[in-house]
Amino acid sequence: MSTAAGVAVCVAAAERLGASLWTVRAPAPDAPPDVALLDVLDAAERRRAAALRRPAERALYVAAHGALRRLLGDRLGVPPAEVELTRLPCPGCGGPHGRPAVAGSAGDAVHFSLSHTAGLALVALAARPVGVDVERVPEPRLAEDAARSLHRAERAELALLSAGARPGAFARCWTRKEAYLKATGEGLSGDALRGHFLGTGVRPAGLPGWTVTDVEVPAGWAAACVVRDPVRVSGPGAPRGRRRVPCASTGSRGRR
């Protein structure tokens, strides 16, 4: 799948994990607005796009949400503009700010997650609850400050690394954690960040009942995908993570 105005969508071979993944590149800075993508957004999405002050952020928002709607429309067999989205109840308080979902019975058949930051977006579609996150690898000081929110064992792992290796390891851990909390609908909070151990190493720690996977993205970013397993797994045979999922570009114009 490719979209107009310099947006490139990459397809990842992740079906064996129970999810299909796509990355979306921001349009080139001098590209004209993609009216076709803007037209498929609903009123709330258009208001959100208009409220973004930076043109690059606005362009990526439109590209990512437009691509999501096209992918959902293809999966559901309806025009992208007619895909109705909602929020599920929060698993913590029951409020209407839980995981985003397709409204109605179609939401039981297709689940999705979307993350975008600094020129790159990641989209996932799955038959089960799914969460994705993509982040720029932060500067060392920001990584050090944010790492205080992690599980104590993750902080200990980071402390054993060289200063130059810590930002990348922190970004791996953070994207795994945020992807998991998006999949469950919990959302980010201090307790949630500290309460789940997903590790900072090259392989994620396992979570019973979930598949946690690092996703290959261009240098300078980190990304992860978490999908609920068909049958919850526990005990010594629980999976301890999966190898990274490759993402094959389909026309990024060489931009990173």
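What you see below is based on every heavy atom in this structure, not just the backbone, and it leaves out hydrogens, waters and symmetry mates.
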Q.
Between Leu71 and Val123, does the side chain to side chain contact (heavy atoms under 4.5 Å, CB included) criterion hold? Intermediate values first, please.
A. CA-CA 9 Å; Leu71 290 165; Val123 180; 4.0 Å; yes
Please check: side-chain N/O of [X] versus main-chain N/O of [Y], any donor-acceptor pairing under 3.5 Å?
X      : Y      : value
Arg46  : Leu41  : yes
Glu45  : Asp42  : yes
Thr23  : Leu122 : no
Arg155 : Ala147 : no
Arg172 : Gly201 : yes
Arg166 : Leu158 : yes
Arg87  : Gly98  : yes
Glu154 : His151 : yes

So which atom in [X] and which in [Y] form the shortest heavy-atom distance, rounded to 0.1 Å?
X      : Y      : result
Ser149 : Leu193 : O-CB, 3.3 Å
Leu37  : Val62  : CB-CG1, 4.0 Å
Arg128 : Asp229 : NE-C, 3.8 Å
Gly185 : Pro91  : O-CD, 3.3 Å
Pro138 : Phe170 : CG-CD2, 3.8 Å
Arg25  : Leu60  : C-CD1, 4.3 Å

**Q.** Contacts of type salt bridge (Lys or Arg N to Asp or Glu O under 4.0 Å), residue Arg58, not counting sequence neighbours
**A.** none
(Q) Quick one, Leu72 with Phe112, criterion side chain to side chain contact (heavy atoms under 4.5 Å, CB included). Give me CA distance, side-chain angles, the key distance, then yes/no. (A) CA-CA 8 Å; Leu72 287 171; Phe112 69 87; 4.1 Å; yes
Q | Side-chain H-bond candidate by donor/acceptor type, His111 with Arg99, under 3.5 Å | A | yes
Q.
Testing the 3.5 Å rule here: is there a donor-acceptor pair between the side chains of Glu157 and Thr200?
A. yes
Q: Run the numbers on His65 and Arg48 for side chain to side chain donor-acceptor pair (under 3.5 Å), then give the verdict.
A: CA-CA 11 Å; His65 285 256; Arg48 173 61 178 151; over 6 Å; no
Q) Could you walk me through whether Val217 and Leu120 pass the side chain to side chain contact (heavy atoms under 4.5 Å, CB included) check? A) CA-CA 9 Å; Val217 286; Leu120 188 69; 4.1 Å; yes
Q) Pick from Val40, Leu125, Val83: which one makes a side-chain contact (heavy atoms from CB on, under 4.5 Å) with Leu68? A) Leu125
Q) According to a 4.5 Å side-chain heavy-atom criterion applied to Ile, Leu, Val, Met, Phe, Trp and Tyr, with indirect links allowed, do Val137 and Leu142 form part of one hydrophobic cluster? A) no
(Q) Quick one, Lys177 with Asp133, criterion salt bridge (Lys or Arg N to Asp or Glu O under 4.0 Å). Give me CA distance, side-chain angles, the key distance, then yes/no. (A) CA-CA 9 Å; Lys177 193 153 296 194; Asp133 188 51; over 6 Å; no
